[in-house]
Visitor: 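Sharing a structure with you now.
Values below: all heavy atoms of this structure, side chains included; hydrogens, waters and symmetry mates excluded. Sequential numbering from 1 along the given sequence is applied to the chain's residues. Please read all numbers here as calculations on a predicted model, not as lab measurements.
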Amino acid sequence: MHLKLRHLEVFHAVMEEGSVSKAADRLHLTQPAISIALSRLEDMLGFPLFHRSKGHFAPRPEAYLLHMDAELSILAVEQFANRARLIRQGGAGLLRIGALGASAFGLLPQLVARYTAENPKVEIDLRVRSSTQIAYLVSNGQCDIGLVEAPVAAPSLEVEPFSLPCVCIFPAGSPLAAKDCITPGDLVDQRLIGIQDSNQVDRQLRGVCAEAGFEIAAPVHGFFFAVVRRMVAEGAGVAIVDALNGCLPLQDGVCWRPFVPEITYDTALIVKAGAELSVPARAFIQLIRDEMAARAVLPVGDTV
């Protein structure tokens, strides 16, 4: 038995409208076309669905038994077509993202909000992990996209690097606010909040300060840039952080200035090597690329 969707649509329309003529108008078909489709459906089923006599046309009990199944079948096909259309447009599916703290706090929330506003059917699972854990999740197919610290050395991953400038952040009212940029010498008399001794930003900061003839120490470490910013907002000290978190307009009383000589925070977008990315994943990756390109240049004018 090779039922066609058109046969079910005709049968469903006749059952709902109560007559061949009304079903023909609904489906924009002729009455003979409706009658032929019903006859073919009955032939395939092996039993009649309607009483037919001059001036009389009525469903048989068998028609009532099959009506609901016909309706559900039509709805299932419509749902399939709608879902396929949404997937084609990037509007349905599941997107799993792994990110370390800097990106998870300073970049992804606004990108997720922007993406889901246009693609409400897409489910997004954001996991905040270490770079090593994210690389493992992506390489094993448990995350579609990863944002980690660079460099990345893993043959099972495709890597796209990004380099972001770092800025000095300090509480509003600090003497540093009078400066256009912050240099190593400006940090000597400040209580410095670090990330962690092994972090790439802290290593670079110690290096450029040593080259300038200054020795600095950070008595407090925050591990996450966003946590460090909160400590700065509470008056615990000043810090050098990535522009993702340092330049966010959070209205938390934190100001920022460029740091000279430049210190960069190097990150990387990773995906599983050879993996076929979904439409949502490809669209979200492009959002990341565009935003990273914009953030590679410090904003002009607003440093509060």
Visitor: Can you measure from CE (M68) to OG (S73) and round to the nearest 0.5 angstrom?
Guide: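 Result: 11.5 Å between the selected atoms.
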Visitor: Identify the heavy atoms of S156 and S139 that sit nearest to each other, and give their distance.
Guide: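 Heavy-atom minimum between the residues: OG-CB, 3.4 Å.
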Visitor: Using a 3.5 Å distance criterion without hydrogens, assess whether the side chain of D252 forms a donor-acceptor pair with backbone atoms of V254.
Guide: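 Checked: pair present.
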Visitor: Dump the intermediate steps for side chain to side chain contact (heavy atoms under 4.5 Å, CB included) on E158 and I270, then the final yes or no.
Guide: CA-CA 6 Å; E158 293 180 8; I270 59 172; over 6 Å; no
Visitor: Taking S131 for its side chain and E149 for its backbone only, find out whether a donor-acceptor pair lies under 3.5 Å.
Guide: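 Yes, S131 side chain to E149 backbone: donor-acceptor pair under 3.5 Å.
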Visitor: If we ignore hydrogens and angles and just use 3.5 Å, is the side chain of E71 paired with the main-chain N or O of H12 as donor and acceptor?
Guide: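 No, the answer is negative, given that no donor and acceptor are paired below the 3.5 Å cut-off.
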Visitor: Is there a donor-acceptor pair closer than 3.5 Å between any side-chain N or O of S174 and the backbone N or O of L176?
Guide: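 Flag set: sc S174 to bb L176 pair under 3.5 Å.
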Visitor: Any Lys/Arg nitrogen of R26 or E16 sitting under 4.0 Å from an Asp/Glu carboxylate oxygen of the other?
Guide: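 Looking at R26 and E16, the cut-off is met.
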Visitor: Which atom pair, heavy atoms only, marks the closest approach of A24 to Q31?
Guide: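 Between these two residues, the closest heavy atoms are CB-N, 4.0 Å.
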Visitor: Regarding Q133 and S130, do their side chains bring together a donor and an acceptor under 3.5 Å, going by distance alone?
Guide: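 Their side chains do contain a donor-acceptor pair, which is all the 3.5 Å distance test asks for.
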Visitor: Could you give me the CA-CA distance, side-chain angles and deciding distance for L94 and V122, then say whether side chain to side chain contact (heavy atoms under 4.5 Å, CB included) is met?
Guide: CA-CA 6 Å; L94 171 64; V122 175; over 6 Å; no
Visitor: Decide if the gap between the ring center of F225 and the ring center of Y265 is smaller than 6.0 angstrom.
Guide: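 Yes, the ring of F225 comes within the 6.0 Å limit of the ring of Y265, centre to centre.
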Visitor: Looking only at heavy atoms, which two atoms of V201 and C166 are closest? And how far apart?
Guide: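 What the structure gives for the nearest pair is CG2-SG, 3.8 Å.
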Visitor: Answer with yes or no whether the side chains of Q286 and D290 bring together a donor and an acceptor at under 3.5 Å.
Guide: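 There is such a pair between these side chains.
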Visitor: Salt bridge or not for R230 and E234, using N-O below 4.0 Å?
Guide: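 Here R230 pairs with E234 in a salt bridge, since their nearest N and O are under 4.0 Å apart.
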Visitor: Is there a chain of hydrophobic side chains (I, L, V, M, F, W, Y, each step under 4.5 Å between heavy atoms) that links I216 to V232?
Guide: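 Both belong to a single hydrophobic cluster.
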Visitor: Would you say the side-chain atoms of E291 pair up with the backbone N or O of L107, donor to acceptor, closer than 3.5 Å?
Guide: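 Side chain of E291 to backbone of L107, a donor-acceptor pair under 3.5 Å: no, none is there.
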Visitor: How long is the gap from CD1 on I134 to CD on Q142, to the nearest 0.5 Å?
Guide: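 Those atoms lie 12.5 Å apart.
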Visitor: Say whether, by atom type as modelled, one donor and one acceptor occur between the side chain of N119 and the main chain of Y115 under 3.5 angstrom.
Guide: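 Side chain of N119 to backbone of Y115: a pair is present.
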Visitor: Any side-chain to backbone donor/acceptor pair from R295 onto L164? Under 3.5 Å, distance only.
Guide: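 No, the answer is negative, given that no donor and acceptor are paired below the 3.5 Å cut-off.
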Visitor: Same cluster or not: are F170 and V227 linked, directly or through other Ile, Leu, Val, Met, Phe, Trp or Tyr residues, by side-chain heavy atoms under 4.5 angstrom apart?
Guide: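 Both belong to a single hydrophobic cluster.
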Visitor: List the atom of V260, the atom of P184, and the distance in Å for their closest heavy-atom pair.
Guide: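 Scanning both residues, the minimum pair turns out to be O-CD, 3.2 Å.
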Visitor: Between V10 and L5, is there a shared hydrophobic cluster once you connect ILVMFWY residues whose side-chain heavy atoms come closer than 4.5 Å?
Guide: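 V10 and L5: separate clusters.
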Visitor: Using 0.5 Å steps for rounding, measure from the CD1 atom of I240 to the CD1 atom of I193.
Guide: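 Separation between the atoms: 11.0 Å.
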Visitor: Between F47 and L3, is there a shared hydrophobic cluster once you connect ILVMFWY residues whose side-chain heavy atoms come closer than 4.5 Å?
Guide: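 Same cluster: F47 reaches L3 through Ile, Leu, Val, Met, Phe, Trp or Tyr contacts under 4.5 Å.
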Visitor: Check the hydrophobic clustering (I, L, V, M, F, W, Y; side-chain heavy atoms under 4.5 Å; chains of links allowed) and say if I124 and L137 are grouped together.
Guide: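 Each belongs to a different hydrophobic cluster.
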Visitor: Under a 4.0 Å threshold between the charged nitrogen and the carboxylate oxygen, would D144 count as salt-bridged to R96?
Guide: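 Counted as a salt bridge, because a side-chain N and a carboxylate O are separated by less than 4.0 Å.
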Visitor: Is there a donor-acceptor pair closer than 3.5 Å between any side-chain N or O of S103 and the backbone N or O of L100?
Guide: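 No, the answer is negative, given that no donor and acceptor are paired below the 3.5 Å cut-off.
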Visitor: Taking it one step at a time, do N245 and F224 satisfy side chain to side chain contact (heavy atoms under 4.5 Å, CB included)?
Guide: CA-CA 10 Å; N245 289 277; F224 290 115; over 6 Å; no
Visitor: Is there a donor-acceptor pair closer than 3.5 Å between any side-chain N or O of R229 and the backbone N or O of V241?
Guide: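 No, R229 side chain to V241 backbone: no donor-acceptor pair under 3.5 Å.
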Visitor: Would you mind checking if E42 and R52 are paired as a salt bridge, meaning a charged N to carboxylate O distance below 4.0 Å?
Guide: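 Counted as a salt bridge, because a side-chain N and a carboxylate O are separated by less than 4.0 Å.
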Visitor: Report yes or no: does R257 contribute a side-chain atom to a donor-acceptor pair with the main-chain N or O of I169 at less than 3.5 Å?
Guide: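 Answer holds: no.
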